[in-house]
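Encoded as structure tokens, the structure appears first; notes follow it.
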Amino acid sequence: MSDSYETIIRETDKHGIATVTINRPQKLNALNSKVLDEIKEVFDSLKKDDRVSAVIVTGAGDKAFVAGADIKELRDLNKNTGEEASRKGQQIFQKIENSRKPVVAAVNGYALGGGAELAMACHLRVAGSNAVFGLPEVGLGLIPGYGGTQRLSRIVGRAKALEMILTGKQIDTEQARQIGLVNSVAEENPVEEARKLIQQILSKGPLAVQKAIEAVFTSDKNESYRTEAALFGELCETEDFMEGTAAFLEKRKPDFKGK
Ligand code: CO8
């Protein structure tokens, strides 16, 4: 079965494993409002679809999983709309995490900023040898705003999370595996590796699998996500944010003033 969206491809195989492919390869699958709306739509529909038992999320093309939120769209945000946009994205990503059907990210290239946050909202992550993870937001005068400050700390621990968030540095597949950001590394195709992992899970008691996911995520608190969104919004009113995003679009180094 295959459904098509404007920026997403949704397919389901005979085992009930759905694949959601973010499909904007010319912009390295960057998350604009349309993509986010369609991620919400597709996860609402997957939840209701009894033929679907598990989901793989991946990116179109051979270069990127998702290279982040669309920086061009970020430029127009102010304090209020920035906070709102962050909350909206957080709520969409929470839909993924709240899925009781296992969701595995198959990371095939750049997973930066919002892209890394999307991968972290999935329950498990499989990476190809060309995967690159990073939270480059501070280089744009921003912070992660789709739950990354919370999820990265939970997945890899606060010290490693802080190091990645404060330096904005990129790490490769092997480094991501070493710190536990990636569950397994695909020799060849990460989608096929994700499928194998899911097949192991689907051979277990389906109700137990659902309850296990629910139990593992039960301690996550909403308040910390609200704080992240409010801080993200505050930064949208700074000169550093205007400079950081302008510098990216003009393909130059930013000149931050701390204002
Ligand atoms: N947004 C918009 N366009 C993008 C993005 C992006 N995040 N990433 C890549 N593109 C575009 C480029 O502008 C380029 O477009 P064009 O061909 O029209 O110039 C095209 O994709 C191809 O990219 P490059 O030419 O840059 O490809 P390279 O191979 O030279 O570089 C990189 C690949 C290193 C991945 C580079 O594209 C890059 O650094 N991208 C941006 C990465 C980044 O900073 N991501 C974080 C964005 S901020 C974020 O995600 C915040 C999340 C929280 C938001 C919360 C509320 C809204």
Side-chain angles (χ1 to χ4, degrees), residues 7 22-37 39-40 59-94 96 105 107-121 127-128 130-152 161 164-173 176 224-238 240-254 256:
T7 63
I22 313 298
N23 186 29
R24 259 190 108 202
Q26 68 289 358
K27 294 288 176 190
L28 306 187
N29 305 319
L31 303 170
N32 63 11
S33 325
K34 184 77 188 167
V35 180
L36 284 170
D37 288 343
I39 292 177
K40 175 177 181 294
D62 51 14
K63 211 169 155 185
F65 173 71
V66 166
D70 192 309
I71 296 170
K72 218 171 185 172
E73 276 192 3
L74 294 182
R75 294 273 303 159
D76 298 328
L77 298 176
N78 61 32
K79 185 168 186 289
N80 290 334
T81 56
E83 181 171 348
E84 264 169 41
S86 169
R87 283 300 289 159
K88 181 183 163 195
Q90 288 175 353
Q91 281 155 6
I92 294 169
F93 284 15
Q94 266 153 9
I96 300 176
V107 181
N108 56 319
Y110 290 109
L112 300 177
E117 293 180 282
L118 173 62
M120 289 189 273
N130 68 338
V132 177
F133 291 84
L135 279 308
E137 284 90 341
V138 285
L140 297 162
L142 283 172
I143 57 170
Y146 292 146
T149 60
Q150 304 309 301
R151 291 197 178 94
L152 188 59
M164 284 185 71
I165 292 168
L166 296 185
T167 63
K169 74 175 183 185
Q170 299 182 354
I171 59 171
D172 64 19
T173 304
S224 44
Y225 288 96
R226 278 187 196 285
T227 304
E228 179 190 80
L231 296 170
F232 184 91
E234 278 178 32
L235 287 166
C236 290
E237 213 118 284
T238 63
D240 282 354
F241 158 68
M242 294 312 287
E243 169 61 11
T245 48
F248 174 78
L249 295 170
E250 290 160 18
K251 301 186 189 286
R252 62 171 172 83
K253 274 196 177 356
F256 292 124

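Numbering of ligands and ligand atoms starts at 1, following listing order. All heavy atoms count here, side chains included; hydrogens, waters and symmetry mates do not.
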Under 3.5 Å, side chain of [X] to main-chain N/O of [Y], donor-acceptor pair present?
X    : Y    : answer
E73  : S33  : yes
R24  : A30  : yes
N29  : A64  : yes
T173 : G128 : yes
N108 : G61  : yes

Should [X] and [Y] count as side-chain neighbours, where that means a heavy-atom distance under 4.5 Å?
X    : Y    : value
I143 : E234 : no
L135 : L152 : yes
V132 : F65  : no
Y146 : L36  : yes

May I ask you to identify, for L74, whether its side chain, its backbone, both or neither come under 4.0 Å of ligand 1 on a heavy-atom basis? side chain
Using a heavy-atom cut-off of under 4.0 Å, does the side chain or the backbone of R24 touch ligand 1, or both, or neither? neither
Atoms of ligand 1, numbered as shown, that sit under 4.0 Å from any heavy atom of [X]:
X    : value
Q26  : 20 (C), 21 (O)
G145 : 53 (C), 55 (C)
E117 : 52 (C), 53 (C)
L112 : 35 (C), 42 (C)
A85  : 56 (C), 57 (C)

Any G89 heavy atom less than 4.0 Å from ligand 1: no
Residue selection (non-hydrogen contact nearest [atom]) among [options]:
atom                    : options               : result
atom 29 (O) of ligand 1 : K72, E228, K63        : K63
atom 48 (S) of ligand 1 : V138, T245, N32, L140 : L140
atom 51 (C) of ligand 1 : E137, K251, Q90       : E137

Dump the intermediate steps for side-chain contact (heavy atoms from CB on, under 4.5 Å) on K79 and C236, then the final yes or no. CA-CA 5 Å; K79 185 168 186 289; C236 290; 5.8 Å; no
Top protein contact for [atom], by heavy-atom distance:
atom                    : answer
atom 54 (C) of ligand 1 : Y146 CZ, 3.5 Å
atom 15 (O) of ligand 1 : K27 NZ, 3.2 Å
atom 45 (N) of ligand 1 : A67 O, 2.9 Å
atom 7 (N) of ligand 1  : A69 O, 2.9 Å
atom 23 (O) of ligand 1 : L28 CD1, 3.6 Å
atom 38 (C) of ligand 1 : F248 CE1, 3.6 Å

Distance below 4.0 Å between [atom] and any protein heavy atom?
atom                    : answer
atom 21 (O) of ligand 1 : yes
atom 27 (O) of ligand 1 : yes
atom 35 (C) of ligand 1 : yes
atom 40 (N) of ligand 1 : yes

Within the structure, does [X] bring an N/O atom to less than 3.5 angstrom of an N/O atom in ligand 1?
X    : result
I71  : yes
G113 : no
P136 : no

Does one side chain, of Q90 or E228, offer a donor that lies under 3.5 Å from an acceptor on the other? yes
Give a yes-or-no answer on whether the side chains of R75 and T245 include a donor-acceptor pair shorter than 3.5 Å. yes
Flag the pair K253 and E243 as a salt bridge only when some basic side-chain nitrogen lies within less than 4.0 angstrom of an acidic carboxylate oxygen. no
Lys/Arg-Asp/Glu bridge criterion (N-O < 4.0 Å) met for D70, K34: no
